[in-house]
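These figures come from a predicted structure and were not determined experimentally. In the text below, chain A, chain B and the rest are named by the order of the sequence lines, each starting its count at 1.
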Amino acid sequence: MSTIPLDTLVIPAVILVTITAAGMLITQSATWIVTLLAMQYVGVFILVGEQWPLSMALSKLVAGWIAALVIGWIIFTSPQVNIDPDTEQSQVKVRSGVSLIYGNTISAVLFRLLAAILVGFTMVSASPNIIRWITDISIVTALGGMMLIGLGLLQLGLSNQPLRVVIGLLTVLSGFEILYSAVEISALVAGLLTAVTMSLAVIGAYFVLLPGLEETQ
Amino acid sequence: MSTPLIWIILPGLLVILLFVLRRREQLVIAIGIGFSLLLAGIAWLDPFGEAIKLGPLTITLSDSLSVLGRRFVLESNKAPILVLIYAGLAFWFGGAYIARTGRLFVPVGLLIASLMTAALAVEPFLYASLLIEMAAIAAITIFSIPGKPINRGALRFLIIQTLSMPFILLTGWLLTGVEASPGDSAIALQATLSMALGFALLLWIFPFHTWMPMTVQVVNQYVVAFVFYMLPLIITLFGLGFLDRFAWLRTQEGVYTALQMSGLLMVLAGGIGAAYQSHLGRMLAFAMMLEIGITLLTIGTPGSEPGTYPLIGVFFASLLPRGLGLGIWALALIVISGIDTRAEKYSISLDLSNLRGSGLRLPIACSALILAQMSIAGFPLLAGFPVRLPVWQGLANYSIVLTLGALLGSAGLLIATLRTLIVFVGDSEDRQWVSKENWSQRILLMIGVVGLFLIGIFPQIILPQLARMASVFVNLSP
């Protein structure tokens with residue numbers, strides 16, 4: 001099996017996916033979320049590439065970047081709506097259909113950060129069990145996958161904002177794909193998982209557009 | 001020419017055309033019905049593997065299609081299921097215009113059917129979970145109301161369906177381990193647990209059912225009922241595929257127990273939940289929970305020997321009464337809520353407190369609703385009864401607790417029906433009998449009601465043929 005000679009990048013990739021997933025949980029900026037999502041897929045590509053041939057692993061990167069592009073494009077092309085007509089300040093202008101705000105207080109940010117750290121520790125302690133189960137995977141790669149699954153689930157658990165839900169699902173799915181790459185090498189599975197990733201991104205974009213659509217559409 | 005091309009690729013391509021034509025609603029519905037009936041008709045003729053002569057052309061239908069090194073296979077033994085899927089699709093499209101399902105319903109419905117057929121055809125069959133996930137994502141588009149943010153129920157549905165996929169895929173990998181080392185009970189336990197969790201999510205088993213009442217309260221009930229019918233049907237067939245293929249799995253005592261316990265939980269939650277509901281849409285969701293519970297109990301009733309599933313035919317027979325009951329119930333809700341008037345959408349809330357005396361204004365819709373509820377509850381002379389009776393009898397021979405649970409679930413839905421009936425015939429300001437339904441609504445609802453009675457009184461006409469579809473699963477059929 002020809003694999004990508006990127007073994008030395010595995011540890012930086014795990015750090016990258018952890019930081020990006022935690023960052024998406026904490027940040028309230030759409031720009032940052034889209035950027036972090038795109039960066040996350042670089043890490044996923046490296047970790048999947050440890051097991052899969054380059055061409056198949058590249059499909060993860062391409063699908064992930066397309067997903068980030070679709071979400072980003074739809075966010076930044078949505079019309080801005082002034083949510084407070086009494087003021088013209090930029091911070092009260094939001095993109096129509098896009099809501100990523102969870103609170104302005106420092107405690108809200110701190111809570112998410114601490115929750116992410118707690119989930120991180122849980123995943124570190126769970127990873128040795130995973131390599132007993134899936135023997136073909138290294139503990140570092142397993143940790144990367146578990147981090148994404150844990151932080152993605154935390155994202156899903158902490159928010160019911162449609163865009164955050166889609167980001168959370170994409171993160172969980174990426175984590176699973178890292179683990180699954182060690183047990184299954186199939187072009188059809190890679191293709192279908194790519195299709196699922198892009199479908200989720202498209203549905204996320206649809207959620208953003210939905211409030212602005214006419215009822216007859 | 002191959003069979004997957006006809007039943008998977010062609011519908012997929014037609015989706016694009018129907019999407020382009022979506023503003024011509026009646027045309028799209030007509031094409032949808034015609035095409036679905038055509039596909040059901042071809043499957044009924046069973047031309048698999050035969051050479052078809054069209055003038056000078058001779059076309060041989062091969063039964064497989066290779067995609068990225070794997071195969072999609074639709075053999076002759078799957079023909080009855082194809083008839084079931086596409087005839088069912090035509091039935092649901094038949095009510096689409098009156099139910100004002102929106103312009104995306106037919107294209108998305110056809111896409112869901114195409115993906116579900118692909119899920120039944122893909123080999124290895126475990127990859128089906130990916131196709132089911134894509135169908136679920138497609139369903140989200142018809143769960144949404146343009147001009148309004150996506151509802152929380154639909155979001156939960158998306159989360160639940162997406163989270164099920166990894167468990168099913170991991171199950172596939174674990175099952176190969178079980179086959180390689182049959183004596184390893186630890187792997188067998190891991191595979192069983194992973195599969196159980198995957199199917200609990202896929203089939204919306206308690207506590208993963210919460211999206212159902214949330215969604216049906218705010219989204220067009222006919223659309224939700226379509227998804228209630230279509231997804232559990234294919235997912236159940238997918239689950240039966242597991243039992244059919246893995247001998248060690250179907251002979252495990254724990255599988256029966258898991259099916260029975262989850263079935264009992266769903267039946268009780270559905271029946272009791274329905275009895276307490278005051279919203280007719282939410283009542284529909286709880287009735288669907290009852291249906292899923294009964295399905296699990298039907299499959300989980302053991303035969304005299306381990307590994308036999310004597311009531312599997314009843315599951316297939318129950319699909320027609322279920323579809324008819326759900327369809328009539330949902331259509332009646334649309335008529336009662338006034339969504340069809342075009343004048344004002346959702347002019348009347350489906351909360352029972354707003355519907356006092358509705359039976360005087362909308363007698364046909366209200367009667368159809370009551371009869372659909374009674375049919376799903378398994379009331380004699382209606383379509384649901386002939387398929388409930390063998391389940392109750394089978395359960396009674398096996399466990400009194402399960403029998404009482406199943407009966408309690410049906411009783412709960414009957415209580416809900418009585419509450420609905422009391423409200424419909426209750427005193428109201430307007431005491432004059434009028435029928436405010438339009439003619440198309442009346443005709444469609446009356447056809448449905450006649451169907452409920454015909455199947456209930458003469459079940460021998462069609463239900464045994466449906467029950468014979470169980471022969472698709474050669475290792476499970478008695």
Side-chain angles (χ1 to χ4, degrees), chain A residues 56 96-99 132-136 145 149 152-153 155-157 159-166 168-170 172-173 175-177 179-180 182-204 206-217, chain B residues 22-23 25 66-72 102-104 115 118-119 122-124 126-141 143-156 158-163 165-167 169-170 172-174 176-177 186-187 190 194 345:
Chain A
M56 277 169 63
S96 171
V98 182
S99 176
R132 270 202 294 272
W133 202 36
I134 305 173
T135 49
D136 294 338
I149 291 173
L153 286 175
Q155 180 86 275
L156 290 173
S159 177
N160 55 18
Q161 292 163 346
L163 214 49
R164 281 197 182 273
V165 166
V166 170
L169 287 174
L170 287 171
V172 173
L173 203 59
F176 166 72
E177 285 179 66
L179 300 181
Y180 197 60
V183 300
E184 180 80 57
I185 303 174
S186 158
L188 181 61
V189 169
L192 289 173
L193 282 169
T194 300
V196 168
T197 300
M198 290 198 284
S199 305
L200 280 172
V202 170
I203 210 75
Y206 181 67
F207 289 160
V208 175
L209 287 175
L210 200 56
L213 293 177
E214 288 177 30
E215 284 202 32
T216 50
Q217 288 178 296
Chain B
R22 67 188 185 282
R23 288 182 191 279
E25 202 176 345
S66 283
V67 179
L68 294 172
R70 304 288 171 157
R71 292 194 317 155
F72 287 84
R103 290 169 175 166
L104 288 179
L115 287 167
V122 70
E123 284 190 355
L126 292 150
Y127 296 171
S129 60
L130 288 156
L131 294 154
I132 292 172
E133 163 67 6
M134 280 196 263
I137 293 173
I140 290 290
T141 57
F143 278 169
S144 54
I145 304 165
K148 291 179 182 173
I150 188 73
N151 62 83
R152 287 176 65 187
L155 273 182
R156 278 195 197 182
L158 180 66
I159 294 169
I160 287 166
Q161 294 293 131
T162 307
L163 292 186
M165 186 182 67
F167 288 105
L169 286 175
L170 277 179
W173 169 69
L174 287 166
T176 52
I187 300 181
Q190 285 169 349
S194 174
K345 286 195 172 183

What part of [X] is in contact with chain B, defined as an atom under 4.5 angstrom from a non-hydrogen atom: side chain, backbone, both or neither?
{"X": "A:V165", "result": "side chain"}
{"X": "A:L153", "result": "side chain"}
{"X": "A:V196", "result": "both"}
{"X": "A:I134", "result": "both"}

- Task: Please round to the nearest 0.5 Å and tell me the distance separating atom CZ of A:F176 and atom CG of B:L170.
- Result: 4.5 Å

- Distance from A:D136 atom CG to B:W173 atom CH2, nearest 0.5 Å? 7.5 Å

- Determine, stepwise, if the pair A:I203 / B:L158 fulfils side-chain contact (heavy atoms from CB on, under 4.5 Å). CA-CA 10 Å; A:I203 210 75; B:L158 180 66; 4.2 Å; yes

- A:S159: side chain to side chain contact (heavy atoms under 4.5 Å, CB included) partners, not counting sequence neighbours: A:R112, A:Q161, A:R164

- Message: Under the rule for side chain to side chain contact (heavy atoms under 4.5 Å, CB included), what residues qualify as partners of A:S186, not counting sequence neighbours?
- Response: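 Partners of A:S186 under the side chain to side chain contact (heavy atoms under 4.5 Å, CB included) test: A:E184, A:L188, A:V189, B:R70, B:Y127.
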
- Note on the structure: Between B:T141 and A:Y206 the two heavy atoms that sit nearest each other are O-OH, 3.5 Å

- Item | Shortest non-hydrogen contact from B:P149 toward A:L210 | C-CD2, 4.2 Å

- Message: Can you tell me which of A:L156, A:L169, A:I149 forms the most heavy-atom pairs within a distance under 4.5 Å of chain B?
- Response: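 So the answer, after comparing A:L156, A:L169, A:I149, is A:L169.
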
- Message: Heavy-atom pairs under 4.5 Å with chain B: which of A:G168, A:G191, A:A187 has the most?
- Response: A:A187

- Heavy-atom side-chain contact between A:L192 and B:M134 under 4.5 Å: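 A:L192 reaches B:M134 side chain to side chain.
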
- Task: Decide yes or no for B:M165 and A:L193: does some side-chain heavy atom of the first lie under 4.5 Å from some side-chain heavy atom of the second?
- Result: yes

- Query: Between B:A154, B:P166, B:G172, B:G177, which has the largest tally of heavy atom pairs under 4.5 Å with chain A?
  - Reply: B:P166

- Task: Select, from B:E133, B:R152, B:Q190, B:R156, the one with the greatest count of heavy-atom pairs under 4.5 Å involving chain A.
- Result: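 That would be B:Q190.
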
